[in-house]
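The structure appears right after this line, and notes come after that.
Numbered from 1 within each chain, the chains take letters A, B, ... in sequence-line order.
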Amino acid sequence: MLILPSQQTTTSMSAHLAQTMTLLGLTLGELQQKIDSELASNPALELMEERTCPMCQRPLPPRGPCPICSQPASSESQDPIVFISPREDFYTGSASSTGEVPEEPFVSESVDLPSYVLRQAAADLPTEDRVVAAYILTHLDEDGFLTTTALEVARYHHRLPSEITALIEKLKRYDPVGVCSANPIEAMLAQVEVLSEIMNVPAYTREVVSKYLHQMSQHHYSEIAHALMTSSQQIKKVAAFISENLNPFPARAHWGDVRSPNNNDSEVFHQPDILIYHHNENPANPLVVEIILPIRGTLRVNPLFKSSLKQMEPNKTEEWRSDIEKANLLIKCLQQRSNALKLLLEKLVVLQKDYILQGDLEMKPLTRAKIATMLDMHESTISRAVSSKTVQLPNKKIVPLAIFFDRSLSHRTLIKQIIEDEDHPLSDSEIQQLLKEQGIEIARRTVAKYRSMEGILPGNLRQSKNR
DNA sequence: CTATGGCACGGATT
DNA sequence: AATCCGTGCCATAG
């Protein structure tokens with residue numbers, strides 16, 4: 001009895017550190033789960049009601065004025081950045097997967113591909129099909145392709161193969177279009193079908209996609225044209241259509257020269273952990289940085305619980321005491337997590353302000369290690385805090401927080417720009433030369449690598465756009 | 001012969 | 001200690 005308290009404090013100290021570490025590395029969804037389960041299992045933990053600001057409807061910190069409204073729009077004096085944390089958001093229960101389709105542009109909580117598709121599909125499907133659809137959707141690889149076959153699904157669920165194929169065809173039509181296909185060709189065909197309902201699809205597109213994709217990627221237009229008995233002009237139209245509208249890997253962001261900004265799927269599936277935006281959406285206003293917490297209101301140790309501890313029978317106190325310990329620990333760790341994130345972001349936002357405001361070109365090279373020494377934190381702490389988190393920028397794009405440490409992003413976008421502005425296809429070494437004139441010295445090989453990362457064809461295959 | 005992509009090495013980063 | 005990234009070398013295609 002005499003030893004226990006000290007022992008407890010030491011264990012709780014190390015547990016404290018350990019838990020803070022793990023909390024830092026969690027995604028929003030995981031954190032929410034963690035808190036929910038803790039809330040459910042620990043009677044000492046209490047979730048207080050949130051206070052909302054009467055002006056802007058935002059949740060308030062436990063005490064004090066609203067951090068946004070109290071920040072007058074005019075006083076852009078010295079501190080252009082306001083930090084808010086926490087912010088409630090998307091408090092979805094856990095198991096309401098069917099039913100209402102969310103109409104907000106951002107998917108609530110981090111949703112994986114299967115549930116994302118299922119949400120769209122659920123409303124349209126008869127109940128007996130939903131189960132099968134869910135089953136199918138759990139058999140997808142990271143590209144959104146089926147890892148099983150219609151036949152197997154049919155056998156497993158005792159349904160007719162034809163029913164299953166019909167169902168899969170249906171599923172393919174949901175966003176991302178082509179999901180559940182067996183291979184890229186199928187996926188692209190599905191996309192053609194869907195697109196043909198809303199726009200003109202060049203003739204022969206289906207034939208080319210299903211049979212001549214290989215030649216297409218080699219740019220042997222005339223060959224294909226000959227085989228299909230049409231003009232190579234027509235095939236070029238098809239080529240343009242394909243590269244602009246089709247994505248062979250429905251669940252992946254880009255491939256080859258297919259890359260449209262509004263179709264960056266991988267980013268759609270996250271709910272950002274951090275928001276950066278201008279106050280009232282007005283670019284003249286200061287930037288606001290919000291760190292989102294997955295809960296409404298404030299967590300605390302239930303004071304009633306605490307005070308009644310003394311009046312409890314001694315045989316139960318031990319258990320209760322540990323509950324309180326645990327609750328305290330969790331709260332402490334959460335605070336620390338928020339604090340660490342806040343410190344990190346304060347630095348990060350200042351350092352990468354140009355990027356946040358002006359885009360990819362202005363990304364400064366930065367390493368986690370540098371930030372770590374600046375903040376006097378351990379590198380691994382930064383690493384954990386950065387990984388598996390996403391940020392929504394003022395331009396509404398959601399990017400992984402790790403992008404702030406992408407050394408080559410500015411170079412890549414510069415190359416992209418050079419190629420866009422070229423009037424004559426430049427070779428990689430020519431590009432290297434141009435970059436050198438701008439003071440950027442990188443190897444020719446590296447130019448090639450960046451170029452392909454951006455999904456840009458090599459110079460000799462690009463057609464010159466002489467305007 | 002030139003331009004590009006693949007492989008792999010070494011140093012930096014995590 | 002594991003991983004990522006830039007780069008050099010080499011084979012291949014045009």
Of the listed nucleotides (C:dC5, B:dT4, B:dT14), which one gets closest to any side-chain atom of A:Arg407? C:dC5

Any base atoms under 4.0 Å from A:Ser408, or only sugar-phosphate, or nothing? Heavy atoms, all strands. sugar-phosphate

Starting at CD of A:Glu430 and ending at C1' of B:dT2, how long is that distance when rounded to a whole Å? 11 Å

Electrostatic pair A:Asp406-A:Arg412, nearest N-O below 4.0 angstrom: yes

Quick check: on DNA chain B, is the nucleotide nearest A:Ser383 upstream (toward 5') of the one nearest A:Leu426, or the reverse? Name the residue that is more 5'. A:Leu426

Quick check for you: among B:dT14, C:dG6, B:dA3, whose closest atom lies nearest to any side-chain atom of A:Arg368? B:dT14

When the distance from CG of A:Leu457 to C1' of B:dA3 is rounded to whole Å, what number comes out? 14 Å

Does B:dT13 have its OP1 or OP2 closer than 4.0 Å to a side-chain nitrogen or oxygen of A:Thr367? no

A:Leu146 side chain near A:Leu140 side chain, heavy-atom distance below 4.5 Å: yes

Return whichever of A:Leu366 or A:Arg444 has its heavy-atom-nearest nucleotide of DNA chain B closer to the 5' end. A:Arg444

A:Ile440, CD1: over 12 other non-hydrogen atoms inside 6.0 angstrom: yes

Compare the minimum distances between each of B:dA3, B:dT13, C:dG8 and the side chain of A:Ala443, then state the nucleotide with the smallest one. C:dG8

Taking CZ from A:Phe405 and C1' from B:dT13, how many angstroms apart are they, rounded to a whole number? 12 Å

Atom CG of A:Leu409 and atom C1' of C:dG6 are separated, to the nearest Å, by 16 Å

May I ask you to say what A:Ile382 touches in the nucleic acid, namely base, sugar-phosphate or nothing, with a heavy-atom cut-off under 4.0 Å? nothing

So, does A:Tyr450 get its side chain near the phosphate of C:dG6, meaning an N or O under 4.0 Å from OP1 or OP2? yes

Could you tell me how far apart A:Met453 (CE) and B:dT4 (P) are, to the nearest whole angstrom? 18 Å

Separation of atom CZ in A:Arg445 from atom P in B:dC7, rounded to whole Å: 11 Å

Among C:dT7, B:dG5, B:dT13, which nucleotide has an atom closest to any side-chain atom of A:Lys449? C:dT7

Separation of atom CD1 in A:Ile371 from atom C1' in B:dT13, rounded to whole Å: 15 Å

For residues A:Ser231 and A:Gln234, is any side-chain donor paired with an opposing acceptor at under 3.5 Å? no

Can you find a pair of side-chain heavy atoms, one from A:Thr148 and one from A:Tyr156, that are under 4.5 Å apart? no

Starting at CZ of A:Arg451 and ending at C1' of C:dG6, how long is that distance when rounded to a whole Å? 16 Å

